[in-house]
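This report refers to the structure that appears directly beneath it.
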There are 2 protein chains.
Amino acid sequence: MLTKSEENYIKEIYALEQKHKADVNTNLLAEKIETKASSVTDMLKKLAKKELLIYQKYKGVKLNSKGEKIALSVIRKHRLWETFLVEKLDFSWDEVHKVAEQLEHIRSEKLTNKLDVYLNFPKVDPHGNPIPDVNGKLIIIDAVCLDQFEIEEEGIFIEVKDESENFLKYLTKNNIVIGAKIKVLEKEEFDNSFKIEIDRKQFNISENVIKNLYLKK
Amino acid sequence: MLTKSEENYIKEIYALEQKHKADVNTNLLAEKIETKASSVTDMLKKLAKKELLIYQKYKGVKLNSKGEKIALSVIRKHRLWETFLVEKLDFSWDEVHKVAEQLEHIRSEKLTNKLDVYLNFPKVDPHGNPIPDVNGKLIIIDAVCLDQFEIEEEGIFIEVKDESENFLKYLTKNNIVIGAKIKVLEKEEFDNSFKIEIDRKQFNISENVIKNLYLKK
DNA sequence: ATTAATTTTTAGACACATCTAAATTATAAA
DNA sequence: TTTATAATTTAGATGTGTCTAAAAATTAAT
Ligand SMILES: [Mn+2]
Ligand SMILES: [Mn+2]
Ligand SMILES: [Mn+2]
Ligand SMILES: [Mn+2]
């Protein structure tokens, strides 16, 4: 039986492993969890003792299959709840993440699976992130980061990585919503910003925005 | 910002006040919370310091209006979630209480109120207990405990107090479900058991069962 | 290959919620 | 009204998760 804190560490380690395709280091994890490096070290020792990850002093950390399974279970709950909030309770996509951070720790397999049925086995959440199924399997999203696009190339926006409220509100304001067709018009070398077109409107977006948008070519 | 533990104490104190119509004493509270009396004392001091209740050494405890408001908010969430689980996710009435004990601590007024809307402002939960509205107001259930019934008297079962899984399964097995018409046939003086009739079937129920059933005359 | 800078870990402390055992107060019995 | 019993509180300890400050290991720079 894991605590909420332990689940959050496991979930964050999983996310960082996916993002960096490498072992996770202490400082980065501390930043993400919003805690101090010393606290991270303590927790890693505990989780290593529980055999949920491989931890070697000064060498970073990596989930084992038991840890990965837990990560996927928490992510499954998080994304199912986000989907529920948007689809059934009429939340907007920028309001759901914080609430889901709480709901993801509710312990009831029956609840999770009944929610899945009720939502008709959704494959992705409101941010386009894949939802692990009851066995922890998730579909591969065939999406490419916008920073990989050439000038004049276009695609459909299907997944966003940053789920912070401010960022999602900014996207909404600029019609950058899931399903929108985005065309790259210009690239600025000096700051890596793009000029893009959506719905015949043209405007500039910064590198920070670009890196969080994933499109289907 | 209250902890889960603090919320549970507040909720339990409220329930005991309602049941006994008197100040709540330490040992009873300890039993209900499933902890030790010394832990209860510690917590009461803390909650008194936060000005959620009136506590005097050796004299018992009583919520003030701030504490009552919190109790009602937790109860509101608990009962809305139970209703959701039964109405939308197809849980049975004996499966929901434990899950609701977790869900009642989710912090989001928006979620609670949207859930209320989604369920169409239910007045009672699956056990017939009234659900406080957004202002903490709850309807008065016009129900009388079965132990107050005379021989040959009958009524409609509308509220159950004990929500333990085993008890509710026992009731279901014997067709004692919300809405059932129950008639008292005989009373046994020596053990306070009743012989009752439901759906033309007759059987005996113990005092323990009787005390938890509330009917509309 | 040393030295300097950065990262990570250890040591020691604290708040929270819990416990056991002992002391205190209230209540019931003689 | 004294004594015994029961209820309640206090004292001191533990486990969890966090922190700051200091020590140790790793990595980068000279
Ligand atoms: Mn999210
Ligand atoms: Mn999401
Ligand atoms: Mn309940
Ligand atoms: Mn209920």
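Chain A is the first sequence line, chain B the second, and so forth, proteins listed ahead of strands; every chain is numbered from 1.
- The distance from atom CG of Leu47(B) to atom P of dC16(C) is 12 Å, rounded to the nearest whole Å.
- Here the C1' atom of nucleotide dT16(D) and the NZ atom of Lys50(A) are 10 Å apart, to the nearest Å.
- Residue contacts shown for Asn25(A) are limited to sugar-phosphate atoms, with no base heavy atom under 4.0 Å away.
- Backbone-only engagement by Thr26(A) is indicated by non-hydrogen atom pairs under 4.0 Å involving sugar-phosphate atoms exclusively.
- For a distance-only test at 3.5 Å, the side chain of Tyr58(B) fails to qualify as a donor-acceptor partner of the base of dT9(D).
- For Lys36(A), a side-chain nitrogen or oxygen approaches OP1 or OP2 of dT20(D) to under 4.0 Å.
- Between the P atom of dT18(D) and the CD1 atom of Ile33(A) lies a distance of 8 Å, rounded to the nearest Å.
- Considering only side-chain N and O atoms, Ser39(A) lies under 4.0 angstrom from the phosphate OP1 or OP2 of dC19(D).
- Heavy-atom nearest nucleotides on DNA chain D were determined for Asp42(A) and for Leu44(B), and the one closer to the 5' end corresponds to Leu44(B).
- Atom CG of Asn8(A) and atom P of dT16(D) are 17 Å apart (whole Å).
- Donor-acceptor pairing under 3.5 Å, judged by distance alone, is present between the side chain of Ser38(A) and the base of dT20(D).
- Between Tyr118(A) and Phe84(A), the angle of the ring planes lies from 30° to 60°, which puts this pair in the tilted group.
- Judged by the 6.0 Å distance and 45° axis criteria, Lys45(A) is not positioned over the aromatic ring of Tyr55(A).
- Backbone-only engagement by Lys45(B) is indicated by non-hydrogen atom pairs under 4.0 Å involving sugar-phosphate atoms exclusively.
- The residue from Asn135(B), Leu115(B), Leu138(B), Asn113(B) that alone fulfils the side chain to side chain contact (heavy atoms under 4.5 Å, CB included) condition with Arg76(B) is Asn113(B).
- When the side-chain nitrogen and oxygen atoms of Tyr9(B) are compared with OP1 and OP2 of dC16(C), none of them lie within a distance under 4.0 Å.
- Heavy atoms of Thr35(A) sit under 4.0 angstrom from primed sugar atoms or phosphate atoms, though from no base atom.
- Rounded to a whole Å, the CD atom of Glu7(B) is 16 Å from the P atom of dC16(C).
- Here Lys59(A) does not reach the OP1 or OP2 of dA25(D): none of its side-chain N or O atoms lies under 4.0 Å away.
- In this entry the distance linking CG of Asn27(A) with C1' of dT27(D) reads 13 Å, nearest Å.
- Atoms CE (Met43(A)) and P (dG15(D)) sit 16 Å apart, rounded to a whole Å.
- Per the geometry, CG belonging to Leu2(A) stands 14 Å off C1' belonging to dT16(D), to the nearest Å.
- Between atom SG of residue Cys145(A) and atom CD of residue Gln148(A) there is a gap of 6.5 Å, rounded to the nearest 0.5 Å.
- Between Ser5(A) and the phosphate of dT16(D), there is no side-chain N or O to OP1/OP2 separation shorter than 4.0 Å.
- A donor-acceptor contact under 3.5 angstrom links the side chains of Asp162(B) and Ser164(B), judged on distance only.
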